[in-house]
Amino acid sequence: MADTLIRTRFAPSPTGSMHIGNLRTALYEYLIAKSHGGRFVLRIEDTDQERFVEGAVELIYQTLKTAGLAHDEGPDVGGDYGPYVQSERKLGYMEYAKELVDRGAAYYCFCTRERLAGLREENERAGRTNFYDRRCLALSNAEVRQNLDANKPFVIRQKMPSGGSTVFHDAVYGEITVDNSELEDQVLIKSDGMPTYNFANVVDDHLMAITHVVRGSEYLSSTPKYNLLYEAFGWDIPVYVHLPTIVKEGGQKFSKRAGDPSFVDLLEMGYLPEALVNYIALLGWAPRDNQEFFSVAELAGVFSIEGISKSPSTFDYAKLNYFNAEYLRRKSPEEFHALALPYIQKAVRDPRLDTFKISRTLQQRTETLRDIPGMIDFFDALPVFTAELYTHKKMKTDPDVAKNALSLALPVLRGLELWSPEPLHAALVGLAEQNGFKNSQVLWPLRVALSGKPVTPGGAVEIADILGKDESLRRVEAALAAL
Ligand code: GLU
């Protein structure tokens, strides 16, 4: 394929929010195209009108945009191979199906719903796979003509070879051989004149000059049927790239149906799009070295089909959190503040509290934005806590140490004129030194007294600075009273 322009397509069905597996498919398609100077095409597969969800097409555009995967052709951006919406291509499919009938690779089927239902029951009873029994394959040309003239409803079915096997090559899974007896004479054109997905994807991929068909491994078993269609038409077979399933810990499929979050859900859970895309890139693909952090542009520079693995990849929230935390750290303080603000405001309503200062304490230690309210709720309201919180072996503190340190600290804090980090720090460290304390023996109890929490973003000085003098003194007094 050295001279062929690589063209990949993302072919989602507009059935709702975008699942992570679909987004990964789009990403790999984008990367395969871009790593070769090729084109990434968006095609909307809406032939199953019953599953159509209002607004889903806009959500697809939005998702690709948020993820940074700009398509070169598609319904909204145009291109030379349109229309890019399957339902708008309807007429063409019928012509192609008729061509297959003429070539002896497909046939009209007039079996009624009732007959097919009866057949299914029979097959079920006999414990057989429910395959169509090919009754209409036996119709003579004259009979077919008569039925068509009488306007009998029909479907067009693919005629599978009666013996032998079909072999195809997949760039990830290698050579795959399927017994033709396992292939049903599938419907290509439905009784409403619409093509099935199984037919439309082949015709469209050919007409849109798609060179690499990338999709989930759940389509592997249908691929021999597609292959037979390409062969019947005499068309070039694309490179097939099937992607491993994404699973959860425990091995079940990570899926929308099982309640696992979609891309939009994950954004709402406080993950950054760039962290998600970086993490998803590594769900089934590995670079040659051990690099972990990539922008989409960097990925396009190093991505290769050889790096895609066959075995299922596990969606690991801990790993995703690790990526997200790093992307949050890389933001400028201003960008981070803008991202964190809605979450800060969920927990901090007191207008005297400086959200920018709060945001500075959070940036280095936030894994997901959604964690923020729980990390800082103590600013607005001191939680109830027990004296046990003052005990910390490494810090060499316990309630007694805390009582001593806090009673010494209180007058010093009261006397401070300039309430800001530097003088606060100097005063507290000076106090420790003069009284033979380790710094931690003053700072740990003070942090506990001010926050009521074992872990906080920011230390005693930062928290005191944010709370302000009055509130800090009030909390230290209350802590002493309780000790
Ligand atoms: N419309 C199919 C889906 O959403 C596309 C599969 C393919 O890429 O061929 O799963």
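Ligands are counted one by one from 1 in listed order, and the atoms in each one are counted from 1 as well.
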key: Main-chain N/O of Leu341 paired with Lys346 side-chain donor or acceptor, under 3.5 Å   = no
In the protein, which heavy atom is nearest to [atom], and how far is it?
{"atom": "atom 5 (C) of ligand 1", "value": "Ala11 O, 3.1 Å"}
{"atom": "atom 6 (C) of ligand 1", "value": "Tyr197 OH, 3.1 Å"}
{"atom": "atom 8 (O) of ligand 1", "value": "Arg9 NH1, 2.9 Å"}

note = Short version for Tyr219: what comes under 4.0 Å of ligand 1, heavy atoms counted, is side chain
message = In this structure, is the centre-to-centre distance between the rings of Phe303 and Phe294 below 6.0 Å?
response = no
key: Geometric class of the Phe323/Phe293 ring pair [parallel <30°, tilted 30-60°, perpendicular >60°]   = tilted
Indicate yes or no: does an N/O atom of [X] lie under 3.5 Å from an N/O atom of ligand 1?
{"X": "Arg215", "answer": "yes"}
{"X": "Pro12", "answer": "no"}
{"X": "Asn201", "answer": "no"}

Under a 3.5 Å cutoff, is there a donor and acceptor pairing between the side chains of [X] and [Y]?
{"X": "Ser332", "Y": "His337", "value": "no"}
{"X": "Asp260", "Y": "His19", "value": "no"}
{"X": "Tyr240", "Y": "Asn227", "value": "yes"}

inquiry  = At less than 4.0 angstrom from any non-hydrogen atom of Glu45, what atoms of ligand 1 do you find?
reply    = 1 (N), 2 (C), 5 (C)
